[in-house]
Amino acid sequence: MPNRPWDNAGAPTTAEQRLDDLLGQGRAWGRRQDTPVIPLDVHADMYDPEREIRGEYLTRKLVESPDEQGWRAFWRRGGQQPVVRIEDAVITGRLDLRAAELPYLLEFVRCRFDMRPDLRQATLTGLVLWHCRFPGLNGRNLHTSHDTVLRNCTSVGGTVDLADAELGGSLQLDDSELRNPGGRAIYADRLAVAGAMLGQRIKVSGEVRIPGAKIGGNLNFSGGALRNRGRNALNANGIQIGGSLRGDVDRISGAPFTVAGLLYLPSAHLQGDLRLRDAVLEPGVSPPKRGESQYDDPISTLLLDRGEVRGDVQLDQNFRSGGTIRLVSSKIGGDLRMAGAQIDLSWARSPAASVDQPMRALHLDGTEVLGNLEAVGATLHGQMRMVDVRVHGSFQLTRASLAGPRTDTVQANRIQVGSNFDCREADITGTLQLQGANIGANVDLRAAQLLKPAWHRHRRAYKSSLDLRAASIGRDLVCAEGKQFFRAEGEVQLRRAVIGRQANFWGCVLGDGSSTNAFNAFGLVAQEIMLLPAQPPQGRVVLRQAQCELLDDNALTWSATRGVDVEDFTYYNLSHPIEPTDAARVRERLSWLRATTGRYQPGPYDQLAEVFRNNGNEEHAVTVLIEKQRRRYQALAGASPRLLRPSVRLWSMLQRSTVAYGYRPLRALLWLLAFAVGGTVWFSYHRLEPINEEDHPIWNPFLYTVDQLVPIINLGHDVMWRAEGNSQWITVVLIAAGWILATTVAAGITRALRREH
């Protein structure tokens, strides 16, 4: 092979001659029988010159055929592929194997390369570097049919370039240290690995770049440390992994996986799990990008937009992140596990600035989770944004601590949860937004604390603490007492929500006076509403147009500081029915209705009367309707001109005392009888003079009294006698009383017939 670059390299050195002799004997370099083996310290500045091999010389020995070199059979291990093994050598110059086809495995153990080995377009049976040091590796378009191993190696100031490489076995980077700060430590675009890519306990300073890579097995960085603060620590855009991506605790050293920078995984496809259990992620500070959208997350530690994970995403136990976890429009085939996770963005922006533009700790817009979303005991300082998320299983936030004062801490509008949404004993500082949510089973907020609701900067008012407007809940909404009171400092907003069974607010503390409404259930539809607060709500309670089958309330509900609005509130029974003989409870409920909103509303009285009537308690229904008319006349008197108010009040008093506004017509008959008896007695002692004595009329005081008292009956006595003096005024009283009582009786009969109809 004339005119080759090593033809004029000169005579071989002592070390090269010994390498030639050993290879000719089929033995590996570095194995001397006459002296003990002293391992080479690849990091030392000084070394034995006898260990020095020129890269050009080694290239010639490896590229030329064994027949040309006069070697004996290569050193073999148990009938495996031929192996050329170099141990404890310092390779100076360039090892240039570009486009070489070597039918054997190259193995370097404790070797130091002064220059970057060149393996571009090379075809090897396998490549092994153990405990080696080199300034990068150029392996673009490298082809190997077996494993490629760079274990416990050190790369300083250069890039391990494996772009477009095709590795038949696994790529092992365990225990290696790759240092290229500010640059690319690994450059492996479109890398294809038939087996796994293993980087357990790896330490990287610089970017690990593997976009478009195809890995048949796992991508394992357990116990590793990736450092590229403020930039991409791992760029795996569009990567396809046949197994799992593992970044959890290493089983040997017990060290967690740590990252300073961004795990950039958009459009990644994982057939297994994404495991970052106990991992520690730090974002660093990156400069703002040009044209950055308000929906971008500039301080992210994990970005998996449009990705697909067939298994679980594990960000749980002692997982910690100082930046946003972003999985937008992704699909997770198993569970999203965040139990015990800690995500803290409080350092990135002041609380005042976060009110206008909150930082997102978790961003999951449009993501679908086929299993459960588990965040039991999680601690998040920042917004949990989950708009249009679909969780087929349950959503667990029990004992979680979510902090975003005066912001929408949980922004989960239109979320769909197949089973339960559990948020028991959680501490939520900010607003829990669940507008338009669709929950298949229960929403359980038992003993939760909802404090410091979000500030609406346009309306200049506080938002709700719990916003379930237009939500659909398949079974129960539980905001009840557990180990502590359920507390919501802001409004509990249930406007137009639909609850399949029970809305349970037993033992709750509602409002702090900063919002107009403490509880807003306008248009709520539920089977049962249990509104039993532990203390009077600090604000208004709105039940307007709500509907339920069963109502359970107490005096504290109706003692809300800004009243209770129950106009058009429809309920069909009380949880504790009132017995027909229990007039005290009826009076109690009437006193609650009087303390509603301070203005007359007829609907609540009609509704309560309807409930009593449906239960057969007609007398209680009449009592309620009488109170309704009394309140009605009070409202009329208040709205009338000042001069007419006394007459309206007098008319109300007369109707109430005589016939109970027509709801007790028998009382009118008693009054008629009383007037008849009184008139008969009076006229028995005060006989009237006949108008025409020639007719010789016969005096009958009873018939005269009845003729004056009953307007629809004419017995003829009223025109036969002349009343004078006091008898004249008694006659006027009888006529007036007769008309009033007769009209009232007629009205009462009409109402009775209408009710029967």
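All of these numbers come straight from a predicted model, not from anything done at the bench.
- Across every non-hydrogen atom of Asp296 and Arg360, the tightest pair is O-NH2, 3.1 Å.
- Phe395 pairs with exactly one of Asn420, Val443, Ile415 by the side-chain contact (heavy atoms from CB on, under 4.5 Å) rule, that one being Ile415.
- Residues that satisfy the ring-ring contact (aromatic ring centres under 6.0 Å, His included) test with Phe319, not counting sequence neighbours, are absent from this structure.
- Taking 4.5 Å as the limit, some side-chain heavy atom of Asp408 sits within range of a side-chain heavy atom of Gln433.
- Thr367 and Ser330 share no donor-acceptor pair across their side chains, judged by distance under 3.5 Å alone.
- A side-chain contact (heavy atoms from CB on, under 4.5 Å) with Ile186 is found for one member of Leu173, Thr159, Leu191 and no other, namely Leu173.
- No side-chain heavy atom of Val542 sits under 4.5 Å from any side-chain heavy atom of Arg495.
- Of all non-hydrogen atoms in Ala361 and Leu345, the two that sit nearest each other are CA-CD1, 4.0 Å.
- Between Phe505 and Leu532 the shortest side-chain heavy-atom distance does not fall below 4.5 Å.
- Here the OG1-CG distance, from Thr407 to Asp356, works out to 11.0 Å after rounding to the nearest 0.5 Å.
- Between the side chain of Asn228 and the backbone N or O of Arg231, no donor-acceptor pair lies under 3.5 Å.
- Ion pairing of Arg229 with Glu282 is present here, as a side-chain N (NZ or NE/NH1/NH2) and a carboxylate O approach within less than 4.0 Å.
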Original post:
Where do Asp476 and Gln502 land on the side-chain hydrogen bond (donor to acceptor under 3.5 Å, both in side chains) test, with the steps shown first?
Top reply: CA-CA 5 Å; Asp476 299 336; Gln502 184 185 74; over 6 Å; no
Subject >> Criterion side-chain hydrogen bond (donor to acceptor under 3.5 Å, both in side chains) on Glu368 and His392, from CA distance to verdict >> reply: CA-CA 8 Å; Glu368 182 177 10; His392 289 249; 2.7 Å; yes
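- Note on ring orientation: taking the six-membered ring where Trp is involved, the planes of Phe257 and Phe221 are parallel (angle under 30°, cut-offs 30° and 60°).
- With Asn152 contributing its side chain and Ser176 its backbone, the two residues share no donor-acceptor pair below 3.5 Å.
- Summarising the geometry, atom CD1 belonging to Ile499 is positioned 4.5 Å from atom CG belonging to Leu477; distances are rounded to the nearest 0.5 Å.
- Not one N or O on the side chain of Asn520 forms a donor-acceptor pair closer than 3.5 Å with the backbone of Leu494.
- In this structure, Arg209 contributes its side chain and Ala233 its backbone to no donor-acceptor pair below 3.5 Å.
- Just one residue in the list Val309, Asn237, Leu245, Leu303 forms a side-chain contact (heavy atoms from CB on, under 4.5 Å) with Leu265, and that residue is Leu245.
- One distance of note links CZ of Arg496 with CG of Leu524; it measures 10.5 Å at 0.5 Å rounding.
- Residues Ile210 and Ile239 form a side-chain contact, since some pair of their non-hydrogen atoms from C-beta on lies under 4.5 Å apart.
- There is a side-chain donor-acceptor pair under 3.5 Å between Asp250 and Ser253.
- For Ser514, the side chain to side chain donor-acceptor pair (under 3.5 Å) partners two or more places apart in sequence, or in a different chain, are Asp512.
- In this structure, Arg310 pairs ionically with Glu308, as a charged nitrogen and a carboxylate oxygen lie closer than 4.0 Å.
- Considering CD of Glu374 and CG of Asp316, their distance stands at 8.0 Å, rounded to 0.5 Å.
- The minimum heavy-atom distance linking Cys508 with Cys479 is given by the pair CB-O, 3.7 Å.
- Between the side chains of Arg227 and Thr258, at least one donor-acceptor pair of N or O atoms lies under 3.5 Å.
- Asp422 contributes no side-chain N or O that, together with a main-chain N or O of Arg424, makes up a donor-acceptor pair within less than 3.5 Å.
- Between Arg406 and Pro453, some side-chain heavy-atom pair lies under the 4.5 Å cut-off.
- Here the closest heavy-atom approach between residue Ser170 and residue Val193 is recorded as CA-CG1, 4.0 Å.
- In this structure, Arg544 forms no cation-pi arrangement with Phe522, as its terminal cationic atom is not both closer than 6.0 Å to the ring centre and no more than 45° off the ring axis.
- Arg275 places no side-chain N or O within 3.5 Å of a backbone atom of Asp312 that could act as its donor or acceptor partner.
- In the displayed structure, Lys463 atom NZ is contacted under 6.0 Å by more than 12 heavy atoms of other residues, nucleotides or ligands.
- With Ser350 contributing its side chain and Ala353 its backbone, the two residues share a donor-acceptor pair below 3.5 Å.
- Across Arg201, Gln200, Lys203, a single residue satisfies side-chain hydrogen bond (donor to acceptor under 3.5 Å, both in side chains) together with Asp175, and that is Arg201.
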**OP:** Kindly determine whether Leu380 and Leu362 satisfy side-chain contact (heavy atoms from CB on, under 4.5 Å), including the steps that lead there.
**Re:** CA-CA 8 Å; Leu380 274 67; Leu362 182 66; 4.2 Å; yes
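- At distances below 3.5 Å, not a single donor-acceptor pair connects side-chain atoms of Ser401 with backbone N or O atoms of Thr379.
- Between the side chains of Gln342 and Asp344, no donor-acceptor pair is found at a separation under 3.5 Å.
- Using a 3.5 Å distance cut-off with no hydrogens or angles, the side chains of Asn517 and Arg540 do pair a donor with an acceptor.
- Using a distance-only test at 3.5 Å, with no hydrogens or angles considered, no donor-acceptor pair links the side chain of Ser472 to the main chain of Asn438.
- Closest non-hydrogen pair, Ser321 versus Thr301, comes out as OG-OG1, 2.7 Å.
- Residues satisfying the ring-ring contact (aromatic ring centres under 6.0 Å, His included) criterion with Tyr264, sequence neighbours excluded, are absent altogether.
- Under the 3.5 Å distance criterion, the side-chain polar atoms of Asn218 are left unmatched by any main-chain donor or acceptor of Ala196.
- Separation of atoms CE (Met338) and CG (Leu315) is listed at 6.0 Å; rounding is to 0.5 Å.
- The shortest heavy-atom contact between Ala521 and Leu543 is CB-CD2, 3.9 Å.
- Between the NZ atom in Lys452 and the CD atom in Glu489 there is a gap of 8.0 Å [rounded to 0.5 Å].
- Using modelled atom types and a 3.5 Å distance limit, the side chains of Gln396 and Ser394 yield a donor-acceptor pair.
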